[in-house]
Amino acid sequence: SAGITKLFETKDSSASWKMVSTGCSRFALKVNTLTEKYETSTKPELAALVAEGLVGAGIKADKITIFDRGIKCGQDSDKCKERNSFKTAGYKVNRTGPGVKSYETRTYGGWIALGAGKNRFFKEIDENDCLVNMPLLKDHHIMGYTFSLKNHIGSVTNPELLHPNAGIPWIADLN
C-alpha cells in the first residue's frame, strides 16, 4: 500500500488502484512460476494483494485472472507439453469458482508473426483489457537482465522463438 501510494502520489492506496484500473474492466495478472518453487516464483501473496487492490478499486473479482503459461509448444505446431508448476509455487487453482481466477493457462489464440517464426498468445492476453506483468528480478543466461520484459515471454506458446540474438528485437516487439 505504501509503495503504490508513493508511486502515484496519492493520499491512500485505494486512490492509486483506481488510477491503475482506469479504463479497464478485465485484468490478467501474469506471474512467473517457471522454477516450480515458492522461493523463486512470483509470490502468490503478492498476486493476491494486487488482485485485492483492483477489487477495492471497483474491478469485479471474477474479472481478474492470475495466470502463467501451462504449456510449451513447438514452432508451427499444436504439439504442446504441459507444465504443472502453479501449485508447487504455492498458488491455489481456481478455474471456474467464484472470485479471482487463478491457474496455468493451456488455451491459446490464432497464429501471429512474432519472433523467429509464428507464435500464439494465450487467451488471457486476448480476453482482458489490461495486463499486470508480475516478474521476478533475475538474470537470464542469454538475455541478461530484462526486468519485466522477459516475463511476458510466458504469454506466448513458443517462447524459444524470442530468444535468438539475445532477444533483440523480439522481446521489445512482444512488449
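At most 12 non-hydrogen atoms from other residues, nucleotides or ligands lie less than 6.0 angstrom from NZ of K18. E45 CD: more than 12 foreign heavy atoms inside a 6.0 Å radius.
A search for side-chain contact (heavy atoms from CB on, under 4.5 Å) contacts involving T65 returns F67, K101, Y103, E124, not counting sequence neighbours.
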S16 vs T10, side chain to side chain donor-acceptor pair (under 3.5 Å): CA-CA, chis, key distance, verdict: CA-CA 6 Å; S16 298; T10 57; 2.4 Å; yes

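Look at E82 and R106 and you find a salt bridge, because one of the NZ, NE, NH1 or NH2 atoms lies within 4.0 Å of a carboxylate O, short of that distance.
Distance check, rounded to the nearest 0.5 Å: CG of D68 to CZ of F122 gives 8.5 Å. Between the CZ atom of R26 and the SG atom of C130 there is a distance of 11.5 Å, given to the nearest 0.5 Å. Taken to the nearest 0.5 Å, the OG atom of S13 stands 9.0 Å off from the CD atom of E52.
For residues 138-175, no pair satisfies disulfide (SG to SG under 2.5 Å), with sequence neighbours left out.
Figure legend: cation-pi geometry between K123 and Y108 absent, as NZ or CZ is not positioned both under 6.0 Å from the six-membered ring centre and within 45° of its axis.
Across N175 and I171, no two heavy atoms sit closer than the pair ND2-O, 2.9 Å.
Exactly one residue among T40, N151, T42 makes a side chain to side chain donor-acceptor pair (under 3.5 Å) with N32. That residue is N151.
Residues I112 and K118 are not in side-chain contact: their nearest non-hydrogen atoms beyond the backbone lie 4.5 Å or more apart. The side-chain heavy atoms of L114 and W170, taken from C-beta on, include no pair separated by under 4.5 Å.
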